[in-house]
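The model shown is predicted, which means the values in this text are computed figures rather than measured ones. Naming: A, B, ... by sequence-line order, numbering from 1 per chain. Every heavy atom of this structure was used, including side-chain atoms; hydrogens, water molecules and symmetry mates were not.
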Protein chains: 2
Amino acid sequence: MEALSILEIERILEQLDGWEYIDGAIETSFQFENFKEAFTIMTRIAFECEAQGHHPDWSNVYNSLHIRLNTHDVEGVTEKDFRLARAIESIVDSE
Amino acid sequence: MEALSILEIERILEQLDGWEYIDGAIETSFQFENFKEAFTIMTRIAFECEAQGHHPDWSNVYNSLHIRLNTHDVEGVTEKDFRLARAIESIVDSE
């Protein structure tokens, strides 16, 4: 899988809500009601990551979740990152 | 609950394995076999955090987990942080 160009990344990002390209990865943040809600969503995302065989660089502080996606093998952003980003959006939106 | 002095923090840290005082918090990192093992441990820690009503600033990338604990109310490290740190050690050691 090849790294997408910044032009391609920017074009695909237009279809996603709240993600941006920062320093070689696509990133977003979410705020939930509390820690329990945040970790519940993280658990659903974790199962999706495992199913896709693709994993985030993510951090959590109480009710906030920050997610950074890139593809280490190609040191850039690929369609794998967007596939996971779309799944994450779908999980968060379904709450 | 009062913030501990750096002297007190350093003394208590001697009883813990692999934690250090960095910039107003106590921190540690763990490496697990893979993402699933890391997230399994995170889930057990999450339940403990919720039970203690005290939550970490933590990040995960694949099999690695970084944890930073401090007490926001007093902008420092308190006994609450060490209580959670000991519980985290116990969870990780039980694997």
Side-chain angles (χ1 to χ4, degrees), chain A residues 1 3 19 22-78 80-81 83-85 87-88 91-92 95, chain B residues 1 3 19 22-78 80-81 83-85 87-88 91-92 95:
Chain A
M1 188 158 294
W19 292 76
I22 300 174
D23 195 20
I26 54 171
E27 301 192 9
T28 196
S29 291
F30 299 104
Q31 299 281 326
F32 302 98
E33 201 177 319
N34 51 39
F35 175 77
K36 194 164 71 174
E37 295 303 318
F39 199 80
T40 299
I41 292 286
M42 288 176 72
T43 305
R44 293 184 57 192
I45 293 171
F47 277 99
E48 184 63 33
C49 294
E50 200 60 12
Q52 293 193 12
H54 194 50
H55 303 88
D57 177 341
W58 55 352
S59 58
N60 157 248
V61 183
Y62 192 59
N63 68 329
S64 72
L65 175 62
H66 183 79
I67 302 177
R68 180 173 160 88
L69 303 178
N70 64 2
T71 304
H72 295 149
D73 293 353
V74 300
E75 291 180 5
V77 175
T78 65
K80 284 172 79 167
D81 299 302
R83 186 176 164 220
L84 183 52
I88 290 169
I91 289 168
V92 173
E95 285 302 296
Chain B
M1 187 156 295
W19 291 76
I22 299 173
D23 197 19
I26 55 171
E27 300 192 10
T28 197
S29 291
F30 299 103
Q31 299 281 327
F32 302 98
E33 201 177 319
N34 51 39
F35 176 77
K36 193 164 71 174
E37 296 301 320
F39 199 80
T40 298
I41 292 286
M42 287 176 72
T43 305
R44 293 185 57 193
I45 293 171
F47 277 100
E48 183 64 32
C49 294
E50 199 61 11
Q52 293 193 11
H54 194 50
H55 303 87
D57 176 340
W58 56 350
S59 58
N60 158 249
V61 183
Y62 192 58
N63 67 330
S64 72
L65 174 62
H66 183 79
I67 302 178
R68 181 174 159 88
L69 303 178
N70 65 3
T71 305
H72 294 149
D73 294 352
V74 300
E75 291 180 6
V77 175
T78 66
K80 286 173 77 167
D81 299 302
R83 187 177 164 219
L84 183 53
I88 290 169
I91 289 167
V92 173
E95 283 305 294

*Asks:* Determine whether more than 12 heavy atoms belonging to other residues, nucleotides or ligands lie under 6.0 Å from atom CD of A:Gln31.
*Replies:*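 It does: A:Gln31 CD has more than 12 such atoms within range.
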
*Asks:* Indicate the ring-plane relationship of B:His55 and A:Tyr62, choosing parallel, tilted or perpendicular according to the 30° and 60° boundaries.
*Replies:*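 Perpendicular: the ring planes of B:His55 and A:Tyr62 meet at over 60°.
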
*Asks:* Identify the heavy atoms of B:Trp58 and A:Asn60 that sit nearest to each other, and give their distance.
*Replies:*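 Taking every non-hydrogen atom into account, NE1-OD1, 2.6 Å.
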
*Asks:* Return the minimal non-hydrogen interatomic distance between B:Ala46 and A:Phe35, and the atom names on each side.
*Replies:*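 The pair with the smallest heavy-atom distance is O-CE2, 3.5 Å.
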
*Asks:* Can you tell me which portion of A:His72 sits under 4.5 Å from chain B's heavy atoms? Options are side chain, backbone, both or neither.
*Replies:*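 The side chain, not the backbone.
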
*Asks:* Using a 4.5 angstrom heavy-atom cutoff, name the option from B:Glu50, B:His66, B:Arg68 with the most pairs to chain A.
*Replies:*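 Highest number of heavy-atom pairs under 4.5 Å: B:Glu50.
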
